[in-house]
Amino acid sequence: MTSFGGAASSGMVDWDLAVTTATRLMRPGPDVSRDEARAIVAELREHAKASERHVRGFTRLGTDETHDTPVLVVDRPGWVRANVAGFRELLKPLLDKMQERRGTSPGGALLGTVGGKVTGVEVGMLLSFLASRVLGQYETFAPATRDLPAGGPPGAPNGGGRLLLVAPNIVHVERELDVDPHDFRLWVCLHEETHRTQFSAVPWLRDHMQGEIQSFLGETDVDPMTVLERVRQAVQSFAGGRPEGEEDDGRSLVELVQTPTQREILGRLTAVMSLLEGHADFVMDGVGPEIVPSVTEIREKFQQRRAKGASRLDLALRKLLGLDAKLRQYRDGERFVRAVVEEVGMDGFNRVWTSPNTLPTKAEIAKPAEWVTRVHRKPEA
């Protein structure tokens, strides 16, 4: 196993312990023979390659040149290791700042007692929950490790991304939905390949998102007692401990632990994520009927699965972690893309990728006509 430890493990988060905890707690994957597993991995790689051509042709993004970001078919522990590597890199500035404040803050002793090992266990528990649910993922901020290569243009800091396909989860869902496994695997690859194409064809997008995320983290109040107080208030909100007469605002735990400036940044990030996810769903619907015979059945069953969740625990955790907001991003983003393409065509829609200034705002995601007016309006004589 690749070590994520060193100095970081003794700091705010013990990343090695996070990987160990997640691996120990995660559910076992579906039963498949060794020969079946090899065949599934080979088919996913084949579908990922074929999806490049279909997605580029439909979206009119990118070139015929081969992507320089690798496609990795992984198991659940592999997905965890990849995400821990990404989290560690992305959160490093914030965690370093909190580490510096720990010794001088009045709450430093408390956080010192809680320590990186407890935080590592908590991160591991979260990852164990997610590890059995993610079908595929384009890792935008993916540092290369010994076991997990990453691509990108020469000199790209921290690697330039990689596409992960989580084989056991794909098999689990195709069996749960009782759909054609070959069609379903291609359908999943189309969605994830769209994300790969978005970032490959739009070079500035990765740096823009990284800048927004670092600004969000930079606004985090690193005083340990203040952080603890915000978490306490958030937990009270979900435990029914709000003052009498105060209504639940429906926000997730992640959203509640924020400053006003962070909420502004989150609004911009939410709009971008809605665009990316909605665009991927739109592409699946556009390409699917031509190459996935049972796409209508897959889409219908998968939407039902998204909406209802697997259990009451799933529903509670989805709300707590903000995953319900992600489901809304799919719906709102897909409606935005569809409306804009209907109004100005695919080439007109692709002006969204011109610069950060042409990305839709959160309000424009809900009202696509306003984006069309802003971006496509002609100067008055």
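Because the structure is a prediction, the values reported are computed rather than measured. As a basis for the values below, the full set of heavy atoms in this structure was taken, side chains included, without hydrogen atoms, waters or symmetry mates. Residue numbers count from 1 along this sequence.
For the pair Arg196 and Phe199, the cation does not sit on the ring face, since its NZ or CZ is not both under 6.0 Å from the ring centre and inside 45° of the axis.
The salt bridge (Lys or Arg N to Asp or Glu O under 4.0 Å) test with Asp281 singles out one residue from Arg335, Arg299, Arg338, Arg331, and that residue is Arg299.
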- Can you check ring-ring contact (aromatic ring centres under 6.0 Å, His included) on Trp371 and His376, steps first, answer last? CA-CA 8 Å; Trp371 181 87; His376 287 268; 5.6 Å; yes
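A salt bridge is absent between Lys49 and Glu46; no separation between the charged side-chain nitrogens and carboxylate oxygens falls under 4.0 Å. Between Glu297 and Lys301, at least one side-chain nitrogen of the basic residue sits less than 4.0 Å from a carboxylate oxygen of the acidic one, meeting the salt-bridge criterion.
Here the closest heavy-atom approach between residue Ile365 and residue Gly333 is recorded as CG2-N, 4.5 Å. In terms of heavy-atom proximity, Val337 sits nearest to Gly278 at CG2-C, 4.1 Å.
Looking only at side-chain heavy atoms (C-beta outward), Arg351 and Thr358 stay at 4.5 Å or farther from each other.
Aromatic rings of His279 and Phe349 (six-membered ring for Trp) have centroids within the 6.0 Å cut-off, being under it.
Checking Arg76 against Asn169 by side-chain atom types alone, a donor-acceptor pair falls below 3.5 Å. Asn350 and Trp353 form a side-chain donor-acceptor contact under 3.5 Å, judged by distance and modelled atom types alone. Neither side chain, Thr197 nor Arg56, offers a donor N or O lying under 3.5 Å from an acceptor on the other. Using a 3.5 Å distance cut-off with no hydrogens or angles, the side chains of Glu192 and His195 do not pair a donor with an acceptor.
Applying the side chain to side chain donor-acceptor pair (under 3.5 Å) rule to Ser294 yields the partners Asp183; only residues at least two apart in sequence or on another chain are considered.
Heavy atoms of other residues, nucleotides or ligands lying less than 6.0 angstrom from CE of Met346 number more than 12.
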